[in-house]
Amino acid sequence: MIRTRFAPSPTGPLHLGHAYSAILAHDFAKARGGEFLVRIEDLDQSRSRSEWEMKIFDDLNWLGLTWVTPIMHQSQRASSYEIAINKLSENGLLYPCKCSRKDVRDAVTAPQTEFKIIEGPDGLIYPGTCKYQKYSNENVAENALRLDMNKASSRCITINNQNIKMNGSRENKNIIKTSQFIENIGDIVLSRKSMEVAYHLAVVVDDEAQGVSHVVRGLDLKPATNIHVLLQNLLGYSSPYYLHHKLIKDGTGKRLAKRDDAKSISKFREQGAKPADIRAMVGL
Ligand code: GLU
C-alpha cells in the first residue's frame, strides 16, 4: 500500500510551498491507489495554535485534497516516543548532556580548542563535553539525551537511503557510509529536558507507526533524511522511500517562510484565486 503524508506544524498559515508539498504527496498516493495522511507536528507547544490547525485543514480541503482520518498529533504521542528512546538507551546509544546551545558554541569557539567549528543539519557539531561524564540515573530526565554517533555508526556501517523520482521511478539507492556522520552530523539531541522529544526521533517513530511508504518533502530536509534513515536502522524499522521536491521561492529567490503572508493560501483565496490557480502558480 502506497501511503504518503503531509506533516505541517500549526505555527502559521500555509503558503504556496506547503500547498506544493501537500498536493505532490496527495497526488502521488492517489494516482497509485494509495492513501494520503495529514499529521500535525505540534511538538513545539509554545508555538502551535489550534486556530492555525483549523486553517490548515480548511486550506487543504479547499485545495481539493482528501486524507485518511483520524489525524495524528505529535503532542499526543509522548509514550510512543518514550518507548523508542528507551530502546536506544538500552542499546547503550544515548548519553545525558547538560550543555546549553551557548555552552556548545563556547566550547567549539574557545581559543586553542582542538574542536572544529562545523555546522551540521542540527547546528554546531557537538564537541562531546558531557560524553565521558558519569551522571547518576536520577539525573537523566533533567538532561537532554544525545545519540552517541560513534557507537551508532559502528552498529550500522552503511545505510541505504532510497530516493525516487516524482514519476515513481527509482532515482538512486544511495549507500551511505555512516562513518561520515561522526564529523558531519555529530552527537545530535534526541530528547530534551523532561523527555521533550526531538523532531528527528518523532518523525521516524510516526512514519513507522503510520506505515508511511513514501515521504514526499522539500529539499531543505534532505540533510535530515540521512539521520532519519540511521534512526530507522537503529530502531529496527524499515525505511520508506524519499522524494525531495524543489522549494518554492519568492520573487527574490528566497525560500518562502511562514512569515511570507503575501504568499499564504488564504491571501490568494481572499483575492479570488481558484485551486487550479494555486496549482498553476507552483507549476503543477
Ligand atoms: N513539520 C515539518 C515542517 O513543517 C515537516 C517535516 C517532514 O515532512 O518530515 O517543516
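Each ligand, and each atom within it, is numbered from 1 in the order the structure gives. Here the structure is a predicted model, which means the values were calculated and not measured.
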Apply the test side chain to side chain contact (heavy atoms under 4.5 Å, CB included) to residues Tyr81 and Glu196: give CA-CA distance (whole Å), side-chain angles for both, the deciding distance (0.1 Å), then the verdict. CA-CA 9 Å; Tyr81 304 145; Glu196 214 182 283; over 6 Å; no
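In this structure Arg217 satisfies the salt bridge (Lys or Arg N to Asp or Glu O under 4.0 Å) test with no other residue, sequence neighbours excluded.
Separation of atoms CG (Asn143) and SG (Cys130) is listed at 7.5 Å; rounding is to 0.5 Å.
Within the structure, side chain to side chain donor-acceptor pair (under 3.5 Å) pairs that include any residue of residues 29-43 comprise Arg3-Glu35, Lys30-Thr66, Arg39-Glu41, Arg39-Asp207, Arg39-Gln210, Glu41-Gln74, Asp42-Ser75 (at least two apart or interchain).
Under 4.0 angstrom from ligand 1, the non-hydrogen atoms of Arg5 all belong to its side chain. For Leu221, every heavy-atom contact with ligand 1 shorter than 4.0 Å involves the side chain, none the backbone.
The contact set between ligand 1 and Ser9, taken as ligand atoms under 4.0 Å from a residue heavy atom, comprises 1 (N), 4 (O). Distances below 4.0 Å separate heavy atoms of Ala7 from the following atoms of ligand 1: 1 (N), 2 (C), 3 (C), 4 (O), 5 (C). Residue contact check: Val203 has heavy atoms under 4.0 Å from atoms 9 (O) of ligand 1. Taking a cut-off of under 4.0 Å to the non-hydrogen atoms of Arg217, the atoms of ligand 1 that pass are 7 (C), 8 (O), 9 (O).
Using cut-offs of 30° and 60° on the angle between ring planes, the pair Tyr20 and His245 is perpendicular.
Ser100 and Asp103 share a donor-acceptor pair across their side chains, judged by distance under 3.5 Å alone.
Not a single heavy atom of Phe6 sits less than 4.0 Å from an atom of ligand 1.
Considering only non-hydrogen atoms, atom 1 (N) of ligand 1 lies nearest to Glu41 out of His200, Glu41, His228, Gln74.
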